[in-house]
Asks: 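Dumping the structure here so I can ask a few things about it.
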Amino acid sequence: MKPIIEHVGRAAVLRRSGVDTDQIVPAEFCKRLTKTGYDDVLFHTWRRDPDFELNDQRRAGATVLITGPDFGTGSSREHAVWALRDWGFAVVLATSFGDIFRRNALKNGLLAVALPEDVVGRLSDLAERDAALEIRTDLRRREVRAGSLTHSFDIDQRARRLLMAGLDEIDNTLDRGKAIEAYERGRAPWMPTVRPAASADVPVGGRE
Amino acid sequence: MTSAARTLLERVWDAHIVEHAATGDDLLYIDLHLVHEASSPQAFDGLTASGRRLRRPDLTLGVEDHNVPTASLRLADPLSRLQVEALRRNCAVHKVELFRLGDPRQGIVHVVAPEQGYVRPGMTIVCGDSHTSTLGAFGALAFGVGSSDVEHILATQTLPLARPEAMAVEFTGRLPEGATAKDMILALLAEVGANGAHGHVIEYRGSPIGALSMEERMTLCNMSVEVGARAGLIAPDETTFDYLASRPHVPGDVQWDTALEYWRTLRSDDEAVFNRTVTLDVSRLTPHVTWGTNPGQAVPLSGAVPDPELISDSVERASARRALAYMGLRPGTLMTDIDIDVIFIGSCTNGRLADLRAAAQVLRGRRVADGVRMLVVPGSGQIRRAAEEEGLDRVFQEAGAQWRLPGCSMCMGMNEDRLEGAERCASTSNRNYEGRQGPRARTHLVSPAVAAATAVLGRLASPADLS
């Protein structure tokens with residue numbers, strides 16, 4: 001993954017709360033086998049409405065999405081993050097996020113930054129007034145800047161380090177192989193292992 | 001390890017720390033990894049592309065559930081077929097046990113894993129599916145992840161995670177006749193809102209929880225993610241142990257005693273501190289139903305569609321207006337005056353045997369209303385057979401309902417079971433989002449008993465309305 005230190009871009013504003021991942025990518029498009037090529041299905045149903053915010057030509061090329069509380073709730077589908085990224089978004093600024101979405105975003109280098117409601121409101125006002133407004137999201141300083149507005153944000157240490165270094169988390173963990181092996185040696189013997197049932201049909205009742 | 005008082009979450013968490021990272025998060029060992037066709041293909045591809053191996057095939061179980069048809073065993077849709085075939089190929093290459101379409105053990109992943117005895121107290125369980133939270137009913141820390149995390153677990157059997165906050169939901173009182181676990185969680189959702197518990201793991205506590213069966217506990221924990229929680233937990237007790245003792249795969253006698261001794265320690269200490277506590281008295285709880293397009297938009301079935309103009313927050317007000325426009329409802333309409341086109345009984349929320357029994361009890365000797373379509377979809381092949389042994393299939397079919405094969409079915413639009421156009425559905429599933437059951441579909445979340453009563457009257461109704 002490419003390291004991210006900061007991002008500067010124009011914004012699209014979506015003043016809605018509880019934008020669940022079913023809206024970001026409907027389930028019928030989660031049958032694909034790839035991780036890319038989802039830009040055509042981002043907000044698939046909402047985009048049929050000509051007045052939908054992302055259909056506004058002045059917002060073409062926007063890379064920052066400013067939106068309301070509870071963005072990305074619901075289904076764990078990572079397709080939601082892939083679609084936002086494929087569309088061109090690099091940053092989502094919202095009052096709050098679904099936990100799984102936020103984690104998925106991090107894994108794909110999409111900055112999901114939570115800001116207080118009044119800050120999101122002011123940013124939305126600024127961006128709606130001026131489509132050319134540039135919003136700077138700075139990981140090093142942990143702050144968002146737009147026009148005269150500057151606001152700091154919290155991001156957990158691990159997320160910040162991963163994004164700024166562009167680390168592959170799996171490589172990182174595989175380096176801890178010895179610790180994982182040591183843990184495995186101490187696991188309780190009653191922990192299940194997956195194996196075929198004793199008979200072809202499913203037995204009911206009775207311990208092995 | 002500290003001697004300070006700990007929550008159940010902390011107990012299970014601490015027992016799975018492979019090591020602490022300098023950044024403050026923990027590398028957590030995952031005892032069981034469940035994979036299904038919809039969220040795993042990209043993860044297996046990543047594993048293969050990087051030349052890594054699947055670390056623990058013996059701790060991995062594959063299930064076909066999201067895309068499978070429920071009217072027949074024929075996988076007609078080409079895209080669904082490709083995804084299912086990818087899972088079959090990946091499980092074969094990596095030597096992972098797979099419950100295929102038509103296998104007597106096949107069903108919804110969150111239903112079949114506990115049914116087979118693979119879910120035990122004190123475990124960590126992950127699946128690329130948000131409703132993995134179902135399995136917290138056993139006192140296991142179970143949560144959903146995206147495909148990147150699925151790949152991480154395939155390769156390492158661990159996940160680096162920050163410890164979530166612990167939230168206590170204390171239920172008090174005695175659950176009245178007519179109210180169910182589904183109504184408990186819908187009432188909680190109405191109270192704290194969808195995503196109201198984000199960043200937390202909920203522990204459900206109090207005497208009403210002890211009185212619930214394992215099936216009801218699974219219904220409750222299932223929708224923890226709708227409250228925004230990472231997971232839901234219920235401390236194991238005799239109800240849990242009795243359930244486990246009758247599973248196909250359970251520890252042998254010696255291990256059983258050791259396990260039981262440990263499982264009995266899995267509870268929050270009396271002095272344990274929760275980051276947040278919500279108390280909910282259930283003694284006057286009545287059946288609940290959703291009116292809007294997120295699960296937090298729920299009211300008692302005896303209530304009315306709320307007025308968005310009375311909501312003070314402008315973004316929430318706008319969302320409520322959108323929800324009513326989408327749902328085709330007007331403020332003030334009594335919920336029981338809302339006509340319904342389709343009834344869906346099934347899903348990982350309410351597709352277990354007890355749910356089918358509750359619905360059948362209402363439908364016995366009655367008919368599904370003219371013009372109403374009703375699907376009954378057991379959560380697993382085992383549940384389907386058990387239901388047939390009791391004659392529940394005949395009750396449903398004689399009432400005019402369709403008796404289907406196991407799968408996720410009409411819970412979400414990934415298979416052939418979908419609503420047509422703007423049809424309105426009373427559904428025992430978990431999400432009433434826009435388009436969830438079809439592009440313009442309208443969903444009202446209810447319990448199985450309410451779904452069955454609604455089928456009879458053709459409008460939202462409780463069993464009490466039938467007599």
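The structure presented is a predicted model; accordingly, all values stated were derived computationally and were not measured. Residue numbers begin at 1 in each chain, while the letters A, B, ... track the order of the sequences.
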Asks: Contact part of B/H33 toward chain A, heavy-atom cut-off under 4.5 Å: side chain, backbone, both or neither?
Replies: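 It is neither, since no heavy atom gets under 4.5 Å.
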Asks: Which heavy-atom pair separates A/S96 from B/H198 by the least distance, and what is that distance?
Replies: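 Smallest interatomic distance, heavy atoms only, reads CB-NE2, 3.8 Å.
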Asks: Picking from B/V225, B/D25, B/N294, which has the most non-hydrogen pairs under 4.5 angstrom with chain A?
Replies: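 Sorted descending by pairs with chain A, the first entry is B/D25.
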Asks: So, taking the atom named CD in B/Q42 and the one named CD in A/E78, what distance separates them when rounded to the nearest 0.5 Å?
Replies: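 Answer for the CD-CD pair, B/Q42 versus A/E78, is 8.0 Å.
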Asks: Between B/G199, B/P439, B/S39, B/A86, which residue shows the highest count of heavy-atom pairs closer than 4.5 Å to chain A?
Replies: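 Of the candidates given, the most pairs with chain A belong to B/G199.
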Asks: Quick one: what part of B/A162 sits under 4.5 Å from any heavy atom of chain A, side chain, backbone, both or neither?
Replies: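 Neither the backbone nor the side chain of B/A162 comes within 4.5 Å of chain A.
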Asks: Are the side chains of A/T193 and B/L59 in touch, meaning some heavy atoms are under 4.5 Å apart?
Replies: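 Result yes, sub-4.5 Å side-chain heavy-atom pair found.
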Asks: Is it true that atom CG of A/D154 has more than 12 heavy atoms of other residues, nucleotides or ligands lying nearer than 6.0 Å?
Replies: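 No.
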Asks: Using a strict threshold of under 4.0 Å (side-chain N to carboxylate O), is an ion pair present between A/D168 and B/R52?
Replies: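 Between A/D168 and B/R52 there is a salt bridge, with a charged N closer than 4.0 Å to a carboxylate O.
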Asks: Write down the atom of A/D70, the atom of B/A194, and the distance for their closest heavy-atom approach.
Replies: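 Heavy-atom minimum between the residues: OD2-O, 3.4 Å.
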Asks: Using the rule given for side-chain contact (heavy atoms from CB on, under 4.5 Å), can you reason through B/T156 versus A/I170, listing the C-alpha separation, both sets of side-chain angles and the distance that settles it, and then say yes or no?
Replies: CA-CA 7 Å; B/T156 70; A/I170 299 180; 4.3 Å; yes
Asks: Considering only heavy atoms, which portion of B/R440 lies under 4.5 Å from any heavy atom of chain A: side chain, backbone, both, or neither?
Replies: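 For B/R440, no heavy atom lies under 4.5 Å from chain A.
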Asks: Considering only heavy atoms and a distance below 4.5 Å, find which of A/T95, A/L33, A/I100 pairs most often with chain B.
Replies: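 Going by pairs under 4.5 Å, I would pick A/L33.
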Asks: Would you say B/T158 and A/T173 are linked by a side-chain donor-acceptor pair, where the criterion is simply a distance under 3.5 Å?
Replies: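 Not at all, the side chains of A/T173 and B/T158 share no donor-acceptor pair under 3.5 Å.
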Asks: Output the option from A/R161, A/E169, A/R15, A/Q157 having the highest count of non-hydrogen pairs under 4.5 Å with chain B.
Replies: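 Of A/R161, A/E169, A/R15, A/Q157, A/E169 has the most heavy-atom pairs under 4.5 Å with chain B.
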Asks: What residue in A/D156, A/V81, A/T45, A/D171 has the most heavy-atom pairs under 4.5 Å with chain B?
Replies: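 Ranked by contacts with chain B, first place is A/D171.
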Asks: Tell me, for A/R187 versus chain B, whether the close heavy atoms (under 4.5 Å) come from the side chain, the backbone, both or neither.
Replies: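 Contact with chain B: side chain only.
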Asks: So which part of B/H66 gets closer than 4.5 Å to some heavy atom of chain A, the side chain, the backbone, both or neither?
Replies: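 For B/H66, there is no contact with chain A at all, as no heavy atom is under 4.5 Å.
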Asks: Does A/R58 CZ have over 12 foreign heavy atoms under 6.0 Å away?
Replies: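 Not more than 12 within 6.0 Å, no.
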Asks: Checking heavy atoms, do the side chain of B/S314, its backbone, both or neither come under 4.5 Å from chain A?
Replies: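 For B/S314, no heavy atom lies under 4.5 Å from chain A.
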Asks: Starting at CG of B/N67, measure out to CD of A/E28 and round the result to the nearest 0.5 Å.
Replies: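 B/N67 CG to A/E28 CD: 12.0 Å, rounded to 0.5 Å.
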Asks: Indicate the atoms forming the closest heavy-atom contact of B/M414 with A/C30, along with that distance.
Replies: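 Distance-wise, the nearest heavy atoms are CE-O, 3.6 Å.
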Asks: Contact part of A/H79 toward chain B, heavy-atom cut-off under 4.5 Å: side chain, backbone, both or neither?
Replies: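 The side chain, not the backbone.
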Asks: Between A/E184 and B/Y29, does any side-chain donor sit less than 3.5 Å from a side-chain acceptor?
Replies: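 Yes, side-chain donor-acceptor contact under 3.5 Å.
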Asks: More than 12 non-hydrogen atoms from neighbouring residues, nucleotides or ligands closer than 6.0 Å to CD on B/E261, yes or no?
Replies: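 Result for CD/B/E261: open.
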Asks: Rounded to the nearest 0.5 Å, how far does OG1 of A/T73 lie from CD of B/E226?
Replies: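 OG1 of A/T73 is found 9.0 Å from CD of B/E226.
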Asks: Give a yes or no on whether B/E85 atom CD has more than 12 heavy-atom contacts from other residues, nucleotides or ligands under 6.0 Å away.
Replies: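 Correct, the count exceeds 12.
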Asks: Under the side-chain contact (heavy atoms from CB on, under 4.5 Å) rule, what do B/S147 and A/W82 come out as? Steps first, then yes or no, please.
Replies: CA-CA 11 Å; B/S147 300; A/W82 298 330; 3.8 Å; yes
Asks: If only atom types and distance count, is the side chain of B/Q157 paired as donor or acceptor with the main-chain N or O of A/I180 below 3.5 Å?
Replies: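 Pair absent, no side-chain N/O of B/Q157 close to backbone of A/I180.
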Asks: Between B/Y262 and chain A, which part of the residue has a heavy atom less than 4.5 Å away: side chain, backbone, both or neither?
Replies: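 It is the side chain, since no backbone atom gets that close.
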Asks: With side-chain contact (heavy atoms from CB on, under 4.5 Å) as the criterion, how do B/V18 and A/R176 come out once you've worked through the C-alpha distance, each side chain's angles and the decisive distance to 0.1 Å?
Replies: CA-CA 9 Å; B/V18 171; A/R176 315 311 304 159; 5.8 Å; no
Asks: Just to verify, what does B/L98 make a side chain to side chain contact (heavy atoms under 4.5 Å, CB included) with, not counting sequence neighbours?
Replies: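 Counting only residues at least two positions away or on another chain, B/L98 forms a side chain to side chain contact (heavy atoms under 4.5 Å, CB included) with B/E64, B/L87, B/R88, B/C91, B/R100.
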Asks: Please classify the contact between B/D77 and chain A as side chain, backbone, both or neither, with a heavy-atom cut-off of under 4.5 Å.
Replies: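 B/D77 touches chain A through side-chain heavy atoms alone.
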Asks: Could you give me the CA-CA distance, side-chain angles and deciding distance for A/S75 and B/M412, then say whether side-chain contact (heavy atoms from CB on, under 4.5 Å) is met?
Replies: CA-CA 10 Å; A/S75 161; B/M412 38 89 225; over 6 Å; no
Asks: Within this structure, what is the CZ-CG distance for the pair B/R55 and A/L174, rounded to the nearest 0.5 Å?
Replies: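 B/R55 CZ to A/L174 CG: 8.0 Å, rounded to 0.5 Å.
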Asks: Any side-chain heavy-atom pair from B/P160 and A/R158 closer than 4.5 angstrom?
Replies: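 Sidechains of A/R158 and B/P160: in contact.
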Asks: Where on A/A179 is there a heavy atom nearer than 4.5 Å to chain B: the side chain, the backbone, both, or neither?
Replies: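 Both the backbone and the side chain of A/A179 come within 4.5 Å of chain B.
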Asks: Chain A heavy atoms under 4.5 Å from B/L79: which part of the residue, side chain, backbone, both or neither?
Replies: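 Both backbone and side chain of B/L79 come within 4.5 Å of chain A.
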Asks: Give me the atom names and distance for the closest heavy-atom approach of A/Q23 to B/E434.
Replies: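 In terms of heavy atoms, the two residues are closest at NE2-O, 2.9 Å.
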Asks: Salt bridge or not for B/E151 and A/K35, using N-O below 4.0 Å?
Replies: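 So B/E151 pairs with A/K35 through a salt bridge.
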Asks: So what's closer than 4.5 Å to chain A heavy atoms on B/D45: side chain, backbone, both or neither?
Replies: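 B/D45 touches chain A through side-chain heavy atoms alone.
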Asks: Which region of A/P189, side chain (C-beta onward) or backbone (N, CA, C, O), has a non-hydrogen atom less than 4.5 Å from a non-hydrogen atom of chain B, or is it both or neither?
Replies: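 The answer is both parts of A/P189.
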Asks: If you look at every heavy atom in B/A259 and A/W190, which pair is closest and at what distance?
Replies: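 In terms of heavy atoms, the two residues are closest at CB-CG, 3.4 Å.
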Asks: Contact part of B/Q83 toward chain A, heavy-atom cut-off under 4.5 Å: side chain, backbone, both or neither?
Replies: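 Both the backbone and the side chain of B/Q83 come within 4.5 Å of chain A.
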Asks: Report which part of A/R16 has an atom under 4.5 Å of a heavy atom belonging to chain B: side chain, backbone, both, or neither.
Replies: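 Both backbone and side chain.
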Asks: Is the shortest side-chain heavy-atom distance between A/Y183 and B/E19 below 4.5 Å?
Replies: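 A/Y183 vs B/E19: side chains apart.
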Asks: So, do B/L32 and A/P192 sit near enough that their side-chain heavy atoms are less than 4.5 Å apart?
Replies: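 They are not in side-chain contact.
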Asks: Quick one: what part of A/T34 sits under 4.5 Å from any heavy atom of chain B, side chain, backbone, both or neither?
Replies: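 Contact with chain B: backbone only.
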Asks: Using non-hydrogen atoms and a 4.5 Å limit, figure out which bit of B/P78 sits close to chain A: side chain, backbone, both or neither.
Replies: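 Neither part.
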Asks: In terms of heavy-atom pairs under 4.5 Å with chain A, which of B/S148, B/G144, B/G46 leads?
Replies: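 Ranked by contacts with chain A, first place is B/S148.
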Asks: For B/V145, is it the side chain, the backbone, both or neither that has a heavy atom under 4.5 Å from a heavy atom of chain A?
Replies: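 The backbone, not the side chain.
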Asks: Going from CZ on B/R120 to CE on A/M191, what distance comes out if it is rounded to the nearest 0.5 angstrom?
Replies: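 Atom-to-atom, B/R120:CZ and A/M191:CE are 9.0 Å apart.
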Asks: Is B/R436 salt-bridged to A/D20, going by a charged N under 4.0 Å from an acidic O?
Replies: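 Looking at B/R436 and A/D20, the cut-off is not met.
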Asks: To the nearest 0.5 Å, what is the distance between CZ (A/F101) and OG (B/S130)?
Replies: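 Result: 14.5 Å between the selected atoms.
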